[in-house]
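Take a look at the structure below.
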Amino acid sequence: MKSIYQSTVSLLLMLMFSVALFSCSDSDSNNDVADEAVVNMLPATQPVVLNSEQRGLVANCNAFSYRLYQSIGQQEAGSNVFSPASVTFLLSMLSNGAQGGTEQEIMRLWNIDAKDREDMTELCSKLMEELPQTDPSVTLQLANISVANNTELSEAYRSLLRDEYSAEAVTLDFTQPSATQYVNDWCSEHTDGMIPEIVDRLDASLKFVMMNAVFFKATWAKKFDPKDTRKGTFTTIGGSPAEVPFMHQKIAALYSENDTYSTVTLPYGSGDRWCMTILLPNEGSTVADVVSMLDHQPWQQSDSRAHEIEVSLPRFKTCSEFVLNDALSELGCRAMFTPGEADFSLMTSADDLFVSLLKQKAAIEVTEDGTQASAVTVTEMNSYADFKLPQAKFYADHSFVYLIHETSSGLVLFMGTYDGD
């Protein structure tokens with residue numbers, strides 16, 4: 001079944017095509033041009049086809065994303081950007097090397113049983129393969145790697161990483177500066193230079209480093225005209241004014257509102273797969289209020305309707321770095337960070353591995369042309385050794401939450417807060 005968004009876009013395209021066809025018919029008759037078949041020059045998009053169980057898993061992944069973003073606890077500390085999907089891909093890889101309580105705690109992050117690990121692996125593999133193919137006018141690159149410090153992965157685990165996650169597996173000497181350079185070069189290469197490095201140095205005591213990289217680049221389905229961009233006043237979370245460049249345009253787009261926030265959904269590329277949805281707090285509400293509602297009142301609401309909207313959106317660039325050890329522990333995933341409790345015995349013959357660090361660096365740039373966003377999530381593993389549209393205005397002139405998502409799967413790829421800095 002088509003989503004409301006897809007149906008609305010299809011209807012608009014049909015209306016536009018009808019007008020164009022009517023105009024062309026007059027011209028053709030005047031110029032006595034013979035009828036010719038219309039060649040479809042629109043890029044062909046394709047959905048990620050999921051069964052009901054997989055859709056349920058995606059919903060669980062998104063619920064985890066919202067809880068993790070709340071647990072990070074930095075949405076009040078200014079602008080930030082975060083890729084929950086990147087964390088999920090990395091944790092899924094880790095779960096396949098884990099056993100016992102470690103495996104169970106990781107799986108419970110998505111509210112599923114350890115026996116469903118294969119289903120989660122299959123979902124991640126499918127998303128990594130099919131998401132980049134949904135829209136040929138949108139660039140999405142996903143990559144994984146395992147880097148070992150003179151230690152060998154088990155053959156079964158190495159094969160699983162290769163077959164299910166298309167992950168590289170290399171062995172380096174972490175005592176050499178070239179190992180750090182290799183890891184950072186991989187990071188930079190797979191984020192198109194947006195994140196030039198992920199580690200300052202690799203400690204010689206480390207056994208493994210595992211990484212996931214996400215790179216997203218898309219133009220707006222309808223670009224903003226740079227001539228309409230002008231400085232305006234933005235109100236930060238703390239209530240202070242900030243002068244920022246605002247992009248402006250009037251568009252037909254999906255819009256909704258409730259007692260806490262209003263939303264506008266801005267499509268990318270061909271218009272029916274990738275979108276940015278902006279959740280703007282109402283007067284008297286805060287970014288924290290919006291974030292707290294993400295998992296309880298779905299923001300992909302069925303009451304979103306097409307409106308003719310005056311959009312005013314800041315042009316911005318944000319970089320963030322989050323250490324996720326404490327946030328994941330607060331969500332019940334403690335064993336993998338605890339020496340003596342962590343069990344990653346399916347990964348390697350070493351029986352005392354634990355995760356000493358799990359962090360993410362992310363960056364986003366939103367301009368008149370579109371959006372470019374990247375994230376790298378890294379874990380360091382150590383041992384212990386034509387109808388009349390209603391009208392609306394959407395002036396994003398105070399702190400807001402945004403989410404970049406793919407419509408056919410529902411997966412949230414990036415989420416963040418903009419606070420004028």
Side-chain angles (χ1 to χ4, degrees), residues 69 72-83 192-196 216-251 253 255-257 260-268 275-292 294 299 307-322 361-375 391-404 414-421:
Y69 192 58
I72 287 171
Q74 296 189 28
Q75 58 264 25
E76 297 290 348
S79 302
N80 58 63
V81 61
F82 178 63
S83 175
D192 200 33
M194 291 189 74
I195 303 175
F216 173 86
K217 184 177 182 179
T219 58
W220 301 116
K222 184 179 186 300
K223 297 181 181 180
F224 292 82
D225 190 334
K227 296 195 299 292
D228 295 328
T229 299
R230 52 190 179 273
K231 287 290 186 74
T233 301
F234 184 94
T235 303
T236 67
I237 290 174
S240 302
E243 292 296 310
V244 304
F246 281 93
M247 308 179 295
H248 300 272
Q249 67 170 319
K250 181 177 287 188
I251 59 173
Y255 173 87
S256 71
E257 57 185 24
T260 306
Y261 59 84
S262 58
T263 74
V264 67
T265 296
L266 305 179
Y268 294 108
C275 311
M276 174 184 282
T277 296
I278 301 165
L279 289 69
L280 185 68
N282 298 338
E283 185 175 357
S285 298
T286 66
V287 162
D289 295 331
V290 174
V291 173
S292 68
L294 289 175
W299 50 271
H307 283 62
E308 182 183 283
I309 308 173
E310 290 183 24
V311 175
S312 181
L313 179 68
R315 185 182 65 205
F316 65 90
K317 185 176 183 179
T318 299
C319 299
S320 297
E321 179 174 344
F322 297 108
K361 283 188 176 182
I364 188 170
E365 183 173 10
V366 176
T367 68
E368 290 85 354
D369 285 338
T371 300
Q372 185 168 280
S374 288
Q391 297 183 347
K393 294 182 179 181
F394 192 90
Y395 296 162
D397 59 358
H398 55 281
S399 305
F400 57 82
V401 177
Y402 58 88
L403 304 100
I404 295 176
F414 287 89
M415 62 192 304
T417 298
Y418 178 68
D419 192 34
D421 55 1

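None of the values given here were measured: they were computed from a predicted structure.
Between atom NZ of residue K223 and atom CE of residue M247 there is a gap of 12.5 Å, rounded to the nearest 0.5 Å. The line from CG of D421 to CZ of F234 is 8.5 Å long, rounded to the nearest 0.5 Å. For the atom pair OG1 of T417 and OH of Y69, the computed distance is 2.5 Å after rounding to the nearest 0.5 Å. Between the CD1 atom of I309 and the NZ atom of K250 there is a distance of 11.5 Å, given to the nearest 0.5 Å. Distance OH/Y402 to CG/L279: 12.5 Å, rounded to 0.5 Å. A distance of 11.5 Å separates CD1 in I404 from CE in M415, rounded to the nearest 0.5 Å.
Listed by chain and residue number, nothing satisfies the side-chain hydrogen bond (donor to acceptor under 3.5 Å, both in side chains) test with Y418 (two or more places apart in sequence, or in another chain). For H398, the side-chain contact (heavy atoms from CB on, under 4.5 Å) test picks out T235, L280, P281, with sequence neighbours left out. With sequence neighbours left out, K222 forms a side-chain hydrogen bond (donor to acceptor under 3.5 Å, both in side chains) with Q249. The side-chain hydrogen bond (donor to acceptor under 3.5 Å, both in side chains) test applied to D225 returns K227, not counting sequence neighbours. Listed by chain and residue number, D419 satisfy the side-chain hydrogen bond (donor to acceptor under 3.5 Å, both in side chains) test with S399 (two or more places apart in sequence, or in another chain). Evaluation of the side-chain contact (heavy atoms from CB on, under 4.5 Å) rule for E283 yields no partner, not counting sequence neighbours.
Between Y255 and S262, the shortest heavy-atom distance links the atoms OH-CB, 3.8 Å. Considering all non-hydrogen atoms of both residues, G78 and N80 come closest at O-ND2, 3.4 Å. Contact record, A375 with F414: CB-CE2, 3.9 Å, taken as the closest heavy-atom pair. Taking both residues in full, the closest heavy atoms of L266 and W220 are given as CB-CZ3, 3.7 Å, listed atom of the first, atom of the second, then distance. Contact between Y268 and T371 at its shortest, heavy atoms only, is OH-OG1, 2.7 Å.
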As a quick check of understanding, evaluate side chain to side chain donor-acceptor pair (under 3.5 Å) for E243 and T233, giving each step before the final call. CA-CA 5 Å; E243 292 296 310; T233 301; 2.9 Å; yes
Applying side chain to side chain donor-acceptor pair (under 3.5 Å), run through D289 and S292 and close with a yes or a no. CA-CA 5 Å; D289 295 331; S292 68; 5.0 Å; no
Please tabulate, for the side chains in residues 311-320, all donor-acceptor contacts under 3.5 angstrom to protein atoms that are two or more places apart in sequence or on a different chain.
| from | atom 1 | to | atom 2 | distance (Å) |
| --- | --- | --- | --- | --- |
| S312 | OG | H248 | ND1 | 3.4 |
| R315 | NH1 | E368 | OE2 | 3.1 |
| S320 | OG | V81 | N | 2.9 |

